[in-house]
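In each ligand, atom 1 is the first atom listed, and ligand 1 is the first ligand listed.
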Amino acid sequence: MTTVLVTGGAGYIGSQTCKALAAAGYSVVTYDSLVYGHEHAVKWGSFVRGDILDRDRLIETMKEHRPSAVLHFAAFAYVGESVSEPEKYYRNNVLGSFTLLSAMRECGIDKIVFSSTCATYGIPDRIPITEDARQHPENPYGSTKFLVERMLADYRSAYGLKSIALRYFNAAGADPDGEIGEDHEPETHLIPLVLQAAGGTRPSITVFGNDYDTPDGTCIRDYVHVADIAEAHILALAKLEQGEHRPAYNLGTERGTSVAEIIAAARKVTGKPISVVMGERRSGDPACLLADSSLARKELGWRPRYRDIEGIIETAWKWTERS
Ligand code: UDP
């Protein structure tokens with residue numbers, strides 16, 4: 001059985017990927033500090049509590065479990081906090097990734113799938129966004145992910161490290177079987193907040209701006225189901241195992257949904273009223289982010305199963321009701 005080390009495996013996307021890895025026949029080792037992850041989300045394989053900044057602990061874990069590849073999710077991911085506390089983000093996301101790569105070199109592990117983001121593009125010149133679009137991050141969070149992508153490219157040239165960065169658009173939804181789901185504290189993402197408003201644990205949802213240059217004035221995003229993102233990691237890993245690599249693939253459904261459409265879909269799925277407050281624009285929010293994922297479809301054979309927003313929200317609603 002091939003063993004894979006999953007940093008951040010107790011988090012939202014990491015834990016969903018551990019489930020997919022186990023289903024695909026891999027032996028999984030989750031490495032997570034539990035700063036933001038949850039031990040109850042570690043349901044597949046074994047668990048090591050550790051920080052990616054702790055080189056000795058990483059090496060000890062790699063020597064004990066002998067993984068053939070690493071899936072690297074561990075990162076801080078609050079855009080707003082990254083603006084007010086950049087040092088925290090550069091330390092954890094950049095220095096942490098550097099420490100991980102250094103430990104991998106020491107242990108002779110030469111394959112990594114990296115959790116990247118459409119935030120590395122910043123405000124796009126063209127929609128839909130292709131992988132060769134200019135990367136010009138608008139906030140420290142996006143910059144940290146961009147820097148790690150650069151690091152991977154340099155390690156590839158110099159040391160032969162095989163890597164694939166997966167640039168997620170807006171990860172959404174929950175495990176279709178209801179075993180795991182989105183559980184951030186604090187929660188800042190649109191869909192879980194809208195569902196909290198539907199469930200009555202939040203009085204309303206504030207829409208961040210309705211004067212954008214979009215059909216209904218609210219921002220458009222490309223929401224992609226977490227189980228489809230997890231599946232893309234299995235395909236990327238298989239590609240690395242075949243000795244191939246690629247700087248990056250975009251992961252999105254190539255369908256845009258506005259904030260107003262999310263709220264309308266959530267009302268339909270939940271059958272509940274959702275009260276809306278119109279607020280100011282949030283700084284740094286592009287009007288529209290939409291993926292061109294044709295490369296992932298063509299080269300990885302990736303076929304996202306969740307193509308419509310109601311189906312995605314339905315899985316998230318089931319999870320919200322459960323938790
Ligand atoms: N948004 C909103 N109200 C909220 C949270 C988010 O109107 O309370 C909007 C936000 O401006 C963006 C979209 O919802 O246009 C998705 O935001 P989210 O934070 O979920 O993801 P992001 O696109 O920032 O990664």
Side-chain angles (χ1 to χ4, degrees), residues 11-13 36 73 75-84 89 93 115-124 127-129 135 137-146 166-174 181-199 201-226 229 250-267 274-291 309 312-313 315-317 319-320:
Y12 170 45
I13 305 173
Y36 289 116
F73 296 90
F76 293 157
Y78 289 107
V79 172
E81 186 186 57
S82 80
V83 175
S84 55
Y89 280 71
N93 297 2
S115 172
S116 191
T117 166
C118 68
T120 59
Y121 296 115
I123 296 172
I127 295 288
I129 304 172
Q135 285 179 290
E138 285 286 309
N139 53 62
Y141 166 68
S143 298
T144 62
K145 292 286 183 174
F146 176 62
L166 296 176
R167 296 183 189 143
Y168 319 149
F169 280 64
N170 286 57
E182 197 163 7
D183 193 0
H184 297 120
E185 184 51 48
E187 187 54 77
T188 62
H189 291 117
L190 180 65
I191 292 176
L193 292 177
V194 166
L195 294 179
Q196 286 174 11
T201 54
R202 170 177 300 274
S204 58
I205 180 75
T206 301
V207 173
F208 295 152
N210 62 353
D211 58 351
Y212 283 95
D213 185 18
T214 59
D216 64 24
T218 64
C219 287
I220 293 174
R221 295 287 181 273
D222 183 335
Y223 295 89
V224 49
H225 197 277
V226 64
I229 294 181
N250 284 340
L251 299 183
T253 57
E254 308 179 311
R255 291 182 183 194
T257 309
S258 72
V259 174
E261 286 169 337
I262 291 286
I263 296 168
R267 285 193 179 118
I274 297 171
S275 83
V276 172
V277 173
M278 280 303 162
E280 294 296 307
R281 287 184 177 201
R282 186 172 66 178
S283 91
D285 262 346
C288 179
L289 291 174
L290 199 57
I309 197 64
I312 293 177
I313 292 177
T315 62
W317 177 236
W319 170 251
T320 309

Using a 4.0 Å cutoff against the non-hydrogen atoms of T206, which atoms of ligand 1 qualify? 2 (C), 3 (N), 4 (C), 7 (O), 8 (O)
Closest to atom 16 (C) of ligand 1 by heavy-atom distance, out of Y223, F208, Y212, is Y223
Considering only non-hydrogen protein atoms, determine which one is nearest to atom 20 (O) of ligand 1 and report residue, atom name and distance to 0.1 Å. L190 N, 2.8 Å
Donor + acceptor pair across side chains of T218, N210 (<3.5 Å): no
Please identify which atoms of ligand 1 are closer than 4.0 Å to at least one heavy atom of T188. 5 (C), 19 (O)
Best match, N210, T117, D285: closest heavy atom to atom 11 (O) of ligand 1: D285
With heavy-atom distances below 4.0 Å as the criterion, list the atoms of ligand 1 near V207. 7 (O)
By salt bridge (charged side-chain N to carboxylate O under 4.0 Å, His left out), which residues pair with E81, not counting sequence neighbours? K88
What orientation do Y141 and Y89 show, parallel under 30°, tilted 30 to 60°, or perpendicular over 60°? perpendicular
Using a 4.0 Å cut-off to any heavy atom of I205, which atoms of ligand 1 qualify? 8 (O)
Within ligand 1, which atoms have a heavy atom of L193 less than 4.0 Å away? 8 (O)
Can you tell me which residue among T188, V194, L193 is in a side-chain contact (heavy atoms from CB on, under 4.5 Å) with L190? V194
I need the nearest protein heavy-atom contact for atom 15 (O) of ligand 1: residue, atom name and distance, please. C219 CB, 3.0 Å
Among protein heavy atoms, which lies nearest atom 9 (C) of ligand 1, and at what distance? V259 CG2, 3.8 Å
Does a donor on one side chain and an acceptor on the other come within less than 3.5 Å for Y168 and S115? yes
With a 4.5 Å cut-off on side-chain heavy atoms, are P215 and I220 touching? yes
Counting non-hydrogen protein atoms only, what is the nearest one to atom 24 (O) of ligand 1? Give residue, atom name and distance. R282 NH2, 2.7 Å
Going by side-chain contact (heavy atoms from CB on, under 4.5 Å), Q196 matches just one of I274, I205, T201. Which one? T201
Taking 4.0 angstrom as the limit and counting only heavy atoms of N170, give me the atoms of ligand 1 inside it, by number and element. 16 (C), 21 (O), 22 (P), 23 (O), 25 (O)
Smallest separation among heavy atoms of L289 and G122, with atom names: CD2-O, 4.1 Å
